[in-house]
Trainee: 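Pasting a structure below so you can have a look.
Letters A, B, ... mirror the listed sequences (proteins, then strands); counts begin at 1.
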Number of protein chains: 2
Amino acid sequence: MDEPPKGRRSVRADGARTRAAILHAAARLASVDGLEGLTIGRLAADLTMSKSGLYAHFGSKVELQLATIEEAAGVFAAEVVGPALAAQPGRGQLLALCDAYLDYLRARTFPGGCFFAAAALEMGSRPGPVRDRIAAFQHELMGITSGFVHAAHQHGDLLDDSPVALAFEINGQFLAANAGFNLTDDPGVLDLAAMILHRRLDAPTAGSITGSPT
Amino acid sequence: MDEPPKGRRSVRADGARTRAAILHAAARLASVDGLEGLTIGRLAADLTMSKSGLYAHFGSKVELQLATIEEAAGVFAAEVVGPALAAQPGRGQLLALCDAYLDYLRARTFPGGCFFAAAALEMGSRPGPVRDRIAAFQHELMGITSGFVHAAHQHGDLLDDSPVALAFEINGQFLAANAGFNLTDDPGVLDLAAMILHRRLDAPTAGSITGSPT
DNA sequence: CCTACCGATCGGTAGG
DNA sequence: CCTACCGATCGGTAGG
């Protein structure tokens, strides 16, 4: 009766899978109850495990919150930023970002709506490492968006003043779409936001989108 | 040693003053900690009174939350909607609304930023009477804003498509201004939002603003 | 990953 | 408006 190493999955791999399951549940809970309202007791009950089991993975609530943010950031990168990065630089890339964000809301990727919109509002006036991480994410997203605007300018696709201002404007429509959809449960809100964003990004020099050579 | 009725303020008036003090503190606390994070214990400590003293005014936490929303709605009406209602119908009325909102943020009327932006995000996915009241407020504000847009159309001041769409757009800039200001503490965020809104509302048929007769 | 426990705080009530 | 109290839950620890 030997125990070959492949007979059981390694403890390390089991731990990693448990950790992933915890963070998946934590991100979903936090989108509804907030990062502060996320309690270790409820999370443990949700996973049918003990509270101290959670403390084996995360030494404190703050560490759990920070890990949960990383989990949500991964989802956001995959669902929203990824599709936009895959698009060609230009006006279409900005539209891809907007459509991906609205699809991410429509799909109810997180049951409480956009994880980061909720977190930004909740932590905005609560100093500490959690708020700092959320602020850094928001700053990063604004940087990516204004980078897309800059690229569209280079591409001659879009006439506008400041990339920072347009990124701010787009972010505002994201926030309005998230808040409106959460409060009304009406997908028409997302359609309205899409219409506004598409009209806003209608290039004065439109027509150069389809003509990209090999 | 008689006790003339005017010798002490009426119990009713004292109660009303205490209630007002409670709600003032509650609205400020809730803007930071959320309507759910507002606890009766902390609120009592903040007012140096006992928890049961609070229960004499509000029978339950939900009733306290609802009363706190009414308090905040009164502040919002006085600080934001009031100045806009005082303005002449037209493009200038919409700008007055925007400027009043941004001033209300700049003044840190509530220490945690806009009470209703925070509440809308927090309660969006938490069914119940508190969420319903927040949703009604948001709906009311959108109605007021789109009414201003409609009036500006009548006044020939502003060319635009749907009042609902423009109200949605403006609301999005409010949310972005609130979130950005809360996260960065940088008043430049408010200046950026003001610039965006003023440029957005620049009438294609500008010039008819100053010519209103007696 | 567990049981068993800690002090603190939660919303709420009894009785005055 | 108070003291005194209730059961439940909080974040966290000891020890295994």
Trainee: Let me know the distance between CG of A:Leu43 and C1' of D:dC10, rounded to the nearest Å.
Mentor: 14 Å
Trainee: Starting at atom CG of B:Leu54, determine the distance to atom C1' of C:dC10, rounded to an integer number of angstrom.
Mentor: 14 Å
Trainee: Taking pairing as Watson-Crick or G-U wobble with both contacts under 3.5 Å, can you name the mate of C:dG7, or confirm there isn't one?
Mentor: D:dC10
Trainee: Please give the nucleotide sitting opposite D:dG16 as a Watson-Crick or G-U wobble pair, both distances under 3.5 Å, or none.
Mentor: C:dC1
Trainee: Which distance, rounded to the nearest 0.5 Å, do you find between the CE of A:Met142 and the CG of A:Leu166?
Mentor: 9.5 Å
Trainee: For B:Leu38, report the nucleic acid contact type (base, sugar-phosphate, nothing); a contact means any heavy atom under 4.0 Å.
Mentor: sugar-phosphate
Trainee: For the side chain of B:Ser60, counting heavy atoms from C-beta on, which of C:dG12, D:dA14, D:dC1 is nearest?
Mentor: C:dG12
Trainee: Less than 4.5 Å apart, side chain to side chain, heavy atoms only: is that true for A:Leu64 and A:Leu43?
Mentor: yes
Trainee: How close or far is atom P of C:dC10 from atom CZ of A:Arg42, stated in whole angstroms?
Mentor: 15 Å
Trainee: Measure from CD on B:Glu36 to C1' on C:dG11 and round the result to the nearest Å.
Mentor: 11 Å
Trainee: Select one nucleotide: of D:dT13, D:dC2, D:dG11, the one nearest the side-chain heavy atoms of A:Ile40.
Mentor: D:dG11
Trainee: Classify the angle between the aromatic ring planes of B:Phe110 and B:Phe115 as parallel (below 30°), tilted (30 to 60°) or perpendicular (above 60°).
Mentor: tilted
Trainee: Establish, with yes or no, whether the OP1 or OP2 oxygen of D:dC1 is under 4.0 angstrom from a side-chain nitrogen or oxygen of B:Ser50.
Mentor: no
Trainee: Taking atom types as they are modelled, is there a donor-acceptor pair under 3.5 Å from the base of C:dT13 to the side chain of B:Ser52?
Mentor: no
Trainee: Expressed as a whole number of angstroms, how long is the span from A:Leu47:CG to C:dC2:P?
Mentor: 10 Å
Trainee: Check the distance between D:dT13's C1' and A:Phe58's CZ and give it to me in whole angstrom.
Mentor: 18 Å
Trainee: Quick check: do B:Ile69 and B:Phe137 have side-chain heavy atoms less than 4.5 Å from each other?
Mentor: no
Trainee: Choose from D:dG12, D:dC2, C:dG12 the nucleotide whose nearest atom is closest to any side-chain atom of A:Tyr55.
Mentor: D:dG12
Trainee: Between A:His57 and A:Lys51, just flag the one whose closest nucleotide in DNA chain C comes earlier from the 5' side.
Mentor: A:His57
Trainee: Kindly indicate whether the side chain of B:Leu141, heavy atoms from C-beta on, has any atom under 4.5 Å from the side chain of B:Phe116.
Mentor: no
Trainee: Checking contacts here: which listed nucleotide (C:dC10, D:dC1, D:dC10) is nearest the side-chain heavy atoms of B:Ala56?
Mentor: D:dC1
Trainee: Between atom CG in B:Asp33 and atom C1' in C:dT9, what is the gap in whole Å?
Mentor: 14 Å
Trainee: Start at the 5' end of DNA chain D and walk down; is the nucleotide closest to A:Gly59 or to B:Arg19 reached first?
Mentor: B:Arg19
